[in-house]
Every structure is written in C-alpha cells, then in structure tokens.
Amino acid sequence: MASISFTHVNKTYPGNVTIVPDLNLEIADKEFVILVGPSGCGKSTTLRMIAGLEDITSGELRIGDRVVNDVAPKDRDIAMVFQNYALYPHMTVYKNIAFGLMQKKVPKDEIDKRVHEAARALDLEHLLNRKPKELSGGQRQRVSLGRAMVRNPAVFLLDEPLSNLDAKLRTGMRAEISRLHKRLQTTFVYVTHDQTEAMTMGDRIVVMKEGIIQQNDAPQVLYDYPCNLFVAGFIGSPQMNFLDAQVGEDNGRYTVTVCGSTIALPERMNEAVAPYKGKTVTLGIRPEDIKASDASENVQGDLSSTVEIAELMGSEISLHVECQGNRLVIRAAPTFQGREGDAASLTLNPEKIHLFDKDTEQAIAH
C-alpha cells in the first residue's frame with residue numbers, strides 16, 4: 001500500500017509546451033482520488049507520470065517513501081487499467097489475467113489461485129476459457145480489472161476505464177469499481193472527464209483546468225461550495241445556471257436583482273457581499289434549487305419565464321426555459337403541466353444561491 005506525493009511537478013514537452021506547470025498534490029494511502037476536468041486539462045498526463053509512462057520535467061514524485069522520478073514503470077508497484085481494455089486477443093480470459101504473473105515467473109499454483117480469486121470477485125469464472133472477442137464491453141473491462149488485481153499492486157491507476165461502455169454498463173461498472181476499492185483497500189487514482197463518475201465514486205475529487213488544480217475536496221463540498229465559476233459549472237449535471245445580478249440593500253438586508261426581480265439574500269452572506277453593493281455579480285443556482293410552477297398553480301414566483309422544452313424523465317421533468325434572454329435548466333416535479341410555449345413562474349431558493357465575482361470568477365458567497 002502507498003501514498004502518492006507530487007511536489008512542484010512540471011511536465012513540459014519539446015517546443016516548450018507545458019501541460020502541467022506546477023503540481024502539488026498529496027494522495028493518502030488507501031484513498032480513492034478522482035482527477036477530473038475537460039479534455040486537455042492534464043489529468044491523464046498526471047496519471048501517466050505516476051505510472052512512469054511520462055517523464056517528469058522537474059519536481060519530485062514519491063510513491064510511499066520512495067522518490068520514483070527515475071524508477072522504471074515495472075518497478076513502481078502499480079497497475080494500470082486503460083479505457084481500451086488492452087487485452088491480448090489471441091489469449092483466453094484466464095491467460096490475459098495471468099499474463100503479468102507469468103512474466104514474473106510466479107509459481108503456477110499461486111497464479112491459478114490468484115486468477116480464480118479475481119475471477120470470482122468479478123463474476124468471470126464462467127468466462128475463463130473464452131477469448132476477448134467473445135465478451136461484451138463490460139466483461140472485457142472486468143478482465144482488465146482482474147489482470148490488475150492479481151498483481152496486488154500498491155497503487156491502482158484507472159484512465160477513463162468506462163468511457164467505451166454504454167450508459168447502463170457504466171452505472172454497473174461504477175458500483176463494481178467502488179466495491180473493488182473497498183475490498184482491496186488499495187490506493188486508487190481514477191481519471192475521468194465525466195463528473196457523474198467523479199461524484200459517485202471518489203473519496204476526494206481533484207478538479208483540473210489547464211494543468212492547474214482548481215479545487216481539491218470531498219465530492220459534496222465541491223458541489224455545495226465551488227471555489228470558482230469553472231468548478232461550479234463543471235460539477236453537477238445538468239450544470240449550474242448562471243445569471244447576471246446586481247447587489248443592493250434594503251433596510252439593512254442585502255439583495256440581488258436578477259431579470260428585473262429582487263431577491264433577499266441570507267444574512268450569512270452580509271459580510272462577504274457588502275463590498276459588492278451596487279455592482280454586478282454572477283449568480284449561480286442549481287437546477288434542483290429552482291421551483292417551477294405552471295399557470296394552473298397560480299403561484300407568483302421570483303421570475304417569469306417561457307417553457308422552451310419539457311423533457312419527461314419519469315421521476316422529474318427536465319425543463320428548459322427562457323427568461324429575459326437567459327436560458328435556464330430546471331429539475332421540475334413530474335406534476336408540472338406546462339409545455340412548449342407555456343408560461344412558468346420560477347422561485348429561487350435563496351439559501352442555495354451562489355455568488356461569484358464577475359472579473360476574477362472566484363466565489364463570493366454560498
């Protein structure tokens with residue numbers, strides 16, 4: 001088992017192309033950490049530096065108490081699971097799982113024991129004699145996980161392992177990988193651009209943009225207290241709604257005026273909001289924190305809007321509305337009757353409002 005430590009790590013490619021400028025990150029032993037961010041943000045490069053597949057330009061990388069900057073991948077005690085499975089097509093499932101152990105000259109009875117243990121844990125025992133072409137995508141990914149498991153590595157590295165699977169399989173495999181982490185009690189570092197995977201699987205999420213860590217915290221903390229506009233928009237599906245709002249004051253109570261309507265802010269925001277009195281800020285609010293009422297409910301909400309699209313999702317309606325040139329997405333109750341072209345009255349939950357500085361995009365108050 002092992003912790004991972006990045007200290008002022010830089011990765012620059014020839015031509016002075018810097019992907020990771022100055023990375024400082026601590027990952028504890030047995031922790032499940034998710035690296036998340038848009039394509040090109042440096043998350044896969046960071047993972048590959050841990051694996052030894054990318055050289056470090058400068059800085060120090062430790063696995064456990066050992067500096068591994070110049071240690072070969074095979075000597076780092078890590079196992080990596082790739083998005084394309086990387087299975088040998090001519091080998092059976094058994095031989096694919098056993099391959100790494102065979103290369104290390106592990107005794108045959110020990111190999112057999114480990115392969116069957118992994119196959120049992122991943123529900124692959126009935127598939128051990130099949131070739132990869134005879135398996136589904138989810139089964140192939142489980143074989144890839146099994147091949148990593150049998151090595152008993154100190155660190156598991158997973159590079160977008162579910163991106164080639166359909167939605168139903170992804171849901172099942174998310175739970176599979178979470179169970180695997182609990183069972184193995186090993187350090188997991190998982191790279192994804194899918195924030196749903198990040199929110200549901202990790203102990204901690206590291207949000208990256210252009211090689212720089214934006215925020216590094218527990219999933220619920222990121223969701224409830226995003227540090228800036230980028231994190232607020234990236235974490236959450238559908239993403240947070242953003243509107244221009246002017247900060248005002250009414251009888252000692254701070255307010256925001258948005259789309260022509262004034263909303264009183266919670267008193268806990270007073271100190272943070274005071275310097276912005278008379279200024280325009282960005283108001284953020286999540287789709288589930290806006291209540292939509294149709295005409296039949298006769299509710300006077302904060303904002304008036306027009307329904308553009310109403311997507312019935314079963315347990316809720318995903319409502320796309322237009323409000324004075326702004327487009328918002330709302331998670332509405334399935335009882336909402338409004339459809340395309342109808343009016344919808346919107347009530348914002350003031351306790352769930354987020355405010356951000358227009359210029360710096362940093363959070364002002366939650």
Side-chain angles (χ1 to χ4, degrees), residues 32-36 39 43-45 47-48 50-53 73-74 76-104 106 108 110-184 186-202:
F32 194 144
V33 168
I34 309 273
L35 305 181
V36 70
S39 297
K43 58 190 184 297
S44 288
T45 300
L47 197 76
R48 290 171 66 82
I50 299 171
L53 302 176
K74 65 183 180 64
R76 294 192 181 199
D77 198 15
I78 55 99
M80 192 158 178
V81 179
F82 299 91
Q83 71 180 74
N84 62 356
Y85 321 130
L87 301 178
Y88 296 105
H90 62 287
M91 291 184 184
T92 62
V93 168
Y94 183 100
K95 288 187 175 177
N96 264 288
I97 294 174
F99 184 77
L101 300 178
M102 292 161 66
Q103 292 292 99
K104 288 189 169 186
V106 173
K108 283 187 178 180
E110 178 66 17
I111 291 176
D112 193 62
K113 178 187 169 190
R114 290 201 209 173
V115 170
H116 279 281
E117 280 179 356
R120 238 186 332 271
L122 296 168
D123 192 24
L124 292 170
E125 279 195 298
H126 62 297
L127 302 173
L128 287 174
N129 292 320
R130 293 193 189 178
K131 300 279 182 68
K133 67 181 179 182
E134 301 172 75
L135 306 178
S136 69
Q139 289 167 337
R140 289 181 200 176
Q141 195 55 279
R142 293 210 302 275
V143 174
S144 185
L145 285 168
R147 185 175 55 192
M149 274 175 66
V150 295
R151 295 176 53 194
N152 296 326
V155 177
F156 255 85
L157 305 176
L158 301 101
D159 190 5
E160 305 209 34
L162 310 185
S163 61
N164 289 339
L165 305 181
D166 63 40
K168 185 179 178 183
L169 272 176
R170 276 203 302 273
T171 301
M173 285 301 296
R174 283 204 304 265
E176 196 84 57
I177 291 170
S178 295
R179 280 194 292 269
L180 187 61
H181 175 252
K182 288 182 174 65
R183 179 175 174 272
L184 298 179
T186 307
T187 307
F188 273 47
V189 186
Y190 187 109
V191 159
T192 182
H193 64 273
D194 184 328
Q195 55 81 36
T196 302
E197 286 178 25
M199 286 295 295
T200 55
M201 295 172 70

- Item | Residues which pass side chain to side chain contact (heavy atoms under 4.5 Å, CB included) with R114, listed by chain and number, not counting sequence neighbours | L101, E110, V150, N152

- Message: If I take atom OG from residue S44 and atom CG from residue L53, how far apart are they, to the nearest 0.5 angstrom?
- Response: 11.0 Å

- Distance (rounded to the nearest 0.5 Å) between T192 OG1 and K43 NZ: 7.5 Å

- Query: Under 4.5 Å between any side-chain heavy atoms of R170 and E197, yes or no?
  - Reply: yes

- Message: Once rounded to the nearest 0.5 Å, what's the spacing between atom CG of L157 and atom CZ of F82?
- Response: 9.0 Å

- Query: How about K74 and Q103: do any of their side-chain heavy atoms sit closer than 4.5 Å?
  - Reply: no

- So which heavy atom on G146 is nearest to which on A118, and how close? O-CB, 4.2 Å

- Hey, does V189 have a side-chain heavy atom less than 4.5 Å from the side chain of L35? yes

- Test log, rule side-chain contact (heavy atoms from CB on, under 4.5 Å), inputs V81 and Q141: CA-CA 8 Å; V81 179; Q141 195 55 279; 3.4 Å; yes

- Message: Just to verify, what does F188 make a ring-ring contact (aromatic ring centres under 6.0 Å, His included) with, not counting sequence neighbours?
- Response: F32, F156, H181

- Query: Does R151 have any salt bridge (charged side-chain N to carboxylate O under 4.0 Å, His left out) partners at least two apart in sequence or in another chain, and if so, which?
  - Reply: none

- Item | Partners meeting side-chain hydrogen bond (donor to acceptor under 3.5 Å, both in side chains) with R140 (sequence neighbours left out) | none

- Query: Is a donor on one side and an acceptor on the other found under 3.5 Å between the side chain of N96 and the backbone of M91?
  - Reply: yes

- Query: Which heavy-atom pair separates I34 from G202 by the least distance, and what is that distance?
  - Reply: CG1-CA, 3.6 Å

- Partner residues of E176 under the side-chain hydrogen bond (donor to acceptor under 3.5 Å, both in side chains) criterion, sequence neighbours left out: none

- Item | Nearest heavy atoms of P73 and I78, plus distance in Å | O-CG1, 4.3 Å

- Message: Please enumerate all residues that pass side chain to side chain contact (heavy atoms under 4.5 Å, CB included) together with T45, with sequence neighbours excluded.
- Response: K11, Y13, I19, V20, M49

- Query: I177 and P161: which non-hydrogen atoms are nearest, and at how many Å?
  - Reply: CD1-CG, 4.3 Å

- Residues which pass ring-ring contact (aromatic ring centres under 6.0 Å, His included) with F99, listed by chain and number, not counting sequence neighbours: Y88

- Taking the side chain as every heavy atom from C-beta outward, state whether L47 and M80 have any pair of such atoms under 4.5 Å apart. yes

- Note on the structure: Sequence neighbours excluded, the answer for side chain to side chain contact (heavy atoms under 4.5 Å, CB included) partners of A98 is Y94, M102, I111, V115

- Query: So, for A154 and T186, which heavy atoms are closest and what is the spacing to 0.1 Å?
  - Reply: O-CG2, 3.1 Å

- Message: Quick one: does any side-chain atom of Q195 pair with a main-chain N or O of V36 as donor and acceptor, under 3.5 Å?
- Response: no

Please tabulate, for side-chain N and O atoms in residues 131-138, each donor-acceptor pair with protein atoms closer than 3.5 Å (sequence neighbours left out).
from	atom 1	to	atom 2	distance (Å)
E134	OE2	K131	N	3.0
S136	OG	Q139	N	3.2
S136	OG	Q139	OE1	3.4

- Query: Can you check whether T200 reaches T171 side chain to side chain, under 4.5 Å on heavy atoms?
  - Reply: no

- Query: Taking only residues at least two apart or on different chains, which pairs with a member in residues 127-149 satisfy ring-ring contact (aromatic ring centres under 6.0 Å, His included)?
  - Reply: none

- Message: Is there a side-chain contact between V143 and I97 in this structure, where contact means two heavy atoms from C-beta onward sitting under 4.5 Å apart?
- Response: yes

- Task: Could you grab the distance from atom CE of M149 to atom CZ of R142, nearest 0.5 Å is fine?
- Result: 12.0 Å

- Query: For S178, what residues pass the side-chain hydrogen bond (donor to acceptor under 3.5 Å, both in side chains) criterion, not counting sequence neighbours?
  - Reply: none

List the atom pairs, donor and acceptor, that lie under 3.5 Å between side-chain atoms in residues 119-126 and the rest of the protein, sequence neighbours left out.
from	atom 1	to	atom 2	distance (Å)
R120	NH1	E125	OE2	3.4

